Amino acid sequence: QVQLVESGGGLVQAGGSLRLSCAASGRTASTYGVGWFRQAPGKEREFVAAIRWSGGMTYYADSVKGRFTISRDNAKNTVLLQMNSLKPEDTAVYYCATKRGHYSDYPWEYDYWGQGTQVTVSS
């Protein structure tokens with residue numbers, strides 16, 4: 001129903017920047033919001049940031065506030081995650097996901113997921 005494709009991951013040094021993109025297609029009319037999550041080896045998936053699909057309100061995990069910015073490009077049906085001042089602890093596979101109904105930072109409440117893009121931050 002909704003297809004998501006992440007891109008933009010890569011290898012950067014600590015203090016560097018990356019911009020991730022989540023392209024959505026399919027039946028997105030009922031989508032309420034888009035969230036970014038990440039999962040590092042041996043760790044649980046965690047919330048990073050979210051934005052309403054219609055644009056506007058944004059939410060961030062405390063660990064990324066002031067460093068990451070989530071935004072929506074309505075014309076391209078794309079959600080971006082600008083990541084600045086990257087730290088080695090940001091290393092993870094980053095996923096975007098969509099949710100109907102209302103805001104949530106719980107991954108199990110999201111409906112559709114992309115395949116993920118690897119972000120590696122070296123020290």
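Just so it is clear, the structure is predicted and the values come from calculations on it, not from any experiment.
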Under 6.0 Å from the ring centre and within 45 degrees of the ring axis: does the NZ or CZ of Arg45 meet both conditions for the six-membered ring of Trp108?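 Relative to the ring axis of Trp108, which defines the angle, Arg45 lies outside at least one limit.
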Would you please name every residue forming a side chain to side chain donor-acceptor pair (under 3.5 Å) with Arg19, sequence neighbours left out?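 Testing Arg19 for side chain to side chain donor-acceptor pair (under 3.5 Å), a comparison that skips the adjacent residues, returns Gln82.
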Any residue meeting side chain to side chain donor-acceptor pair (under 3.5 Å) with Thr69, in chain and number order, not counting sequence neighbours: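 Thr69 satisfies side chain to side chain donor-acceptor pair (under 3.5 Å) with no other residue.
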Applying side chain to side chain contact (heavy atoms under 4.5 Å, CB included) to Thr91 and Gln118, what does each step give before you reach the verdict? CA-CA 8 Å; Thr91 296; Gln118 177 71 49; 4.1 Å; yes
Under 3.5 Å: donor-acceptor pair, side chain of Thr28, backbone of Ser25: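 No, Thr28 side chain to Ser25 backbone: no donor-acceptor pair under 3.5 Å.
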May I have all residue pairs that pass side-chain hydrogen bond (donor to acceptor under 3.5 Å, both in side chains) and include part of residues 97-107, sequence neighbours excluded?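 side-chain hydrogen bond (donor to acceptor under 3.5 Å, both in side chains) check on residues 97-107 returns Ser104-Glu109.
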Give me each pair satisfying side-chain hydrogen bond (donor to acceptor under 3.5 Å, both in side chains) with a member in residues 7-18, each pair once, sequence neighbours excluded.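 Only Ser17-Asn84 qualify under side-chain hydrogen bond (donor to acceptor under 3.5 Å, both in side chains).
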Please list all pairs passing the salt bridge (charged side-chain N to carboxylate O under 4.0 Å, His left out) test where one or both residues lie in residues 24-39, with sequence neighbours left out.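 As it turns out, the salt bridge (charged side-chain N to carboxylate O under 4.0 Å, His left out) pairs with a partner in residues 24-39, which skip direct neighbours, are Arg38-Glu46, Arg38-Asp90.
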Step through the shown structure and confirm whether more than 12 heavy atoms of other residues, nucleotides or ligands are within 6.0 Å of CD on Glu44.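 Counting other residues, nucleotides and ligands, CD of Glu44 stays at 12 neighbours or fewer.
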ILVMFWY cluster, Ile51 and Tyr32 together (side-chain gap under 4.5 Å):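 Not linked; separate clusters.
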If you group Ile, Leu, Val, Met, Phe, Trp and Tyr by side-chain heavy-atom gaps below 4.5 Å, do Leu80 and Val93 land in one group?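 No, no single cluster joins them.
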For [range], pull every pair meeting disulfide bond (SG atoms under 2.5 Å apart), keeping only residues two or more places apart or in separate chains.
range	value
residues 29-68	none
residues 27-92	none
residues 23-76	none
residues 10-101	Cys22-Cys96

With a cutoff of under 4.5 Å between side-chain heavy atoms, which Ile, Leu, Val, Met, Phe, Trp and Tyr residues group with Leu4?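 Answer for Leu4: Val2, Tyr112.
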Would you call the rings of Trp113 and Tyr95 parallel, tilted or perpendicular, taking 30° and 60° as the class edges?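 Ring orientation of Trp113 relative to Tyr95: perpendicular.
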Might you point out which heavy atoms bring [X] and [Y] nearest each other, and give the distance in Å?
X	Y	result
Gly8	Thr117	N-OG1, 4.2 Å
Tyr110	Ala50	OH-CB, 4.0 Å
Ala61	Phe47	CB-O, 3.4 Å

All side-chain contact (heavy atoms from CB on, under 4.5 Å) counterparts of Val119, not counting sequence neighbours: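 With sequence neighbours excluded, Val119 shows a side-chain contact (heavy atoms from CB on, under 4.5 Å) to Leu18, Leu20, Met83, Tyr94, Val121, given in chain and number order.
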Mind checking what makes side-chain contact (heavy atoms from CB on, under 4.5 Å) contact with Ala40, not counting sequence neighbours?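 Applying side-chain contact (heavy atoms from CB on, under 4.5 Å) to Ala40 gives Lys43, Ala92.
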Can you confirm if the aromatic rings of Trp36 and Phe68 lie within a centre distance of less than 6.0 Å?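 Ring-ring flag for Phe68/Trp36: false, centres at least 6.0 Å apart.
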Does the side chain to side chain contact (heavy atoms under 4.5 Å, CB included) test come out yes or no for Val79 and Ile70, once each step is laid out? CA-CA 7 Å; Val79 172; Ile70 188 170; 3.7 Å; yes
